[in-house]
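Below is one structure; the comments refer to it alone.
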Amino acid sequence: MQLRRRSVQRVLAQGRAASPRLGVALLMGLALAFLVLSKVHEDKAGILRSAVSDLLVPAMSALSRPVETLNRIGDKAGQFWATYEENQRLRREVARLSQWRAAAYELERVNAALGAQLNIRAEGQPAFTTARVVADSGSPFVRTLLLGAGADAGIRRLQAAVSGEGLVGRVAEVGRRSSRLLLITDLNSRVPVLIQSSGQRAILTGDNSDLPRLEFLATGATVRSGDRIVTSGHGGVFPPGLAVGVVTSISDDGVRIRPFVDWGRLSHVTVVKFTAPEPLPPRRRSAELGAGL
Amino acid sequence: MNQDGLARASFVLRASVPALVAVMVVIFTSLPFAVPGISAGGVAFAACTVFYWALFRPEAMPPGAAFAIGLVQDLIGGGPIGAMALTLLALSMIVEAQRRAFAGKSLMLIWFGFILIALPVSLLFWLVLCLYQVALLDPRPVLAGYVLAVAMYPLVSEFHTLLRSRLLRL
């Protein structure tokens, strides 16, 4: 009896001495499990992250308001320094844009007339939600933003997000009260775009730098520095015609685009509820073709 | 509650402050300030905090606390879940294993120790991210974070020394 009790005590004592190591090993295993699971089941990882951000977002949203005020004060202070130059620049810009506005009105009129002649069905204006940016990305390897609105506000995965300047990215994860955007500069971002002047298609590929690349351009395609890039709408994720950026450099490194969006000044984004037009069901199509022949 | 229970409860409360401070700094620096890279400062602060407390008072920074701080950073920051958790856990483990070597040494020597230990830990973080993204990522941002943490360490150490002696009495 005595012997058994002592041996049990010895085993327990050994267990207790080893338990910190065991605890650490368990935690390591847990971290590795998280990594592997979030890689294999990216949608489940998204749910976990959304659950946590749903908890934190109300507080962070409240905190981000004074931060936004601070940013604006800093901005105004900076503006006072350069007021005269800024004024001159804005005057020139207004003069230039007034010319464009007149051209735009004329084009709109001609477009409407031609559309009426051809009996084109107008695409409806998509609905949208505007949300506050609550947190930046915490890592240099992941370009994301956390928004203070989620499924409750009508935001869904894959919806495009824009700012006043241009395309920001798309919704990657959605919680009830928060959502996470994948920016166009992120390594995993691929946006079907076209060069507005020539209509040539390409894919805007992020690489975690500030200047994403244009890839899959047709060979022999002409690109010039300063060309405007807009979304093409192919793939059905991004609505067509959204301003993305300008071509800034063409070299062996690739064609680099500078996005229109000012990342440092993003306080709110607009999430666009766009649904791509549905493809025709195959059977009806062939029947129609047959009837036409 | 008897004296013993109160003393124990008081200890637990005080010992959880360092980890809570680190978590709050991580959350606060992820807010959208117009200053780019401020969240890297938050991570650097968390790393210095884990190093300091794992060295001087491991009861206040058990492996689970380091893990939790890293996990909060992963969940808010949008990076792979578990990457920073694993990194800070590794940091706390290495520090606790080397505690005896650091016993009674000056701030300069401890700083030097931080410089030595934080480098492989930063590279571990970079490696985990490369494996996760299945791509060779640019190590420069991670190295920049390492340099930032090294530069911050003396200040953070002073802050925690004050916290430990004046406020927490740990």
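Every heavy atom of this structure was used, including side-chain atoms; hydrogens, water molecules and symmetry mates were not.
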Minimum heavy-atom distance between A:Leu30 and B:Phe67, given as atom pair plus value
CD2-CZ, 3.8 Å
How close do B:Gly82 and A:Ala31 get, counting heavy atoms only, and between which atoms?
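Result for this residue pair: O-CB, 4.0 Å.
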Does the side chain of A:Val52 come within less than 4.5 Å of B:Val72's, by heavy atoms?
no
Do B:Leu131 and A:Lys39 have side-chain heavy atoms sitting under 4.5 Å apart?
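Heavy-atom side-chain distance check fails, nothing below 4.5 Å.
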Under the criterion side-chain contact (heavy atoms from CB on, under 4.5 Å), I'd like the reasoning laid out for A:Val24 against B:Glu96: C-alpha separation, chi angles, the key distance, then a yes or no.
CA-CA 12 Å; A:Val24 170; B:Glu96 279 193 55; over 6 Å; no
Contact class of [X] relative to chain B, heavy atoms under 4.5 angstrom:
| X | answer |
| --- | --- |
| A:Leu56 | side chain |
| A:Ser53 | neither |
| A:Arg180 | side chain |
| A:Asp75 | neither |

Exceeds 12 heavy-atom contacts within 6.0 angstrom, atom [atom1] of [X]:
| X | atom1 | answer |
| --- | --- | --- |
| B:Phe102 | CZ | yes |
| B:Phe11 | CZ | yes |
| A:Arg132 | CZ | yes |
| A:Arg190 | CZ | yes |
| B:Phe28 | CZ | no |
| B:Arg8 | CZ | no |

Steps toward side-chain contact (heavy atoms from CB on, under 4.5 Å) verdict (A:Leu48, B:Ile81):
CA-CA 9 Å; A:Leu48 174 66; B:Ile81 304 179; 3.9 Å; yes
Please flag which part of [X] lies under 4.5 Å from any non-hydrogen atom of chain A: side chain, backbone, both or neither.
| X | result |
| --- | --- |
| B:Val26 | neither |
| B:Ala90 | both |
| B:Leu129 | side chain |

I'd like to know whether B:Leu71 forms a side-chain contact (heavy atoms from CB on, under 4.5 Å) with A:Phe34, so could you lay out the CA-CA distance, the side-chain angles of the two residues, the decisive distance to 0.1 Å, and finally the verdict.
CA-CA 10 Å; B:Leu71 198 63; A:Phe34 271 135; 4.1 Å; yes
How long is the straight-line distance from [atom2] of [Y] back to [atom1] of [X], given to the nearest 0.5 Å?
| X | Y | atom1 | atom2 | answer |
| --- | --- | --- | --- | --- |
| A:Leu27 | B:Met93 | CG | CE | 10.0 Å |
| A:Leu187 | B:Leu137 | CG | CG | 6.5 Å |
| B:Tyr132 | A:Leu35 | OH | CG | 7.5 Å |
| A:Met60 | B:Leu31 | CE | CG | 4.5 Å |

Look only at the side chain of A:Arg49 and the backbone of B:Pro80, and say whether a donor-acceptor pair between them is shorter than 3.5 Å.
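Pair absent, no side-chain N/O of A:Arg49 close to backbone of B:Pro80.
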Leading residue by heavy atom contact count with chain A [cutoff under 4.5 Å; candidates B:Leu75, B:Leu86, B:Val134]:
B:Leu75
Give me the contact list for residues 154-166 of chain A versus chain B, heavy atoms only, anything under 4.5 Å, ordered by residue number.
none
Most contacts with chain B, counted as non-hydrogen pairs under 4.5 angstrom, among A:Leu63, A:Leu32, A:Leu146
A:Leu63
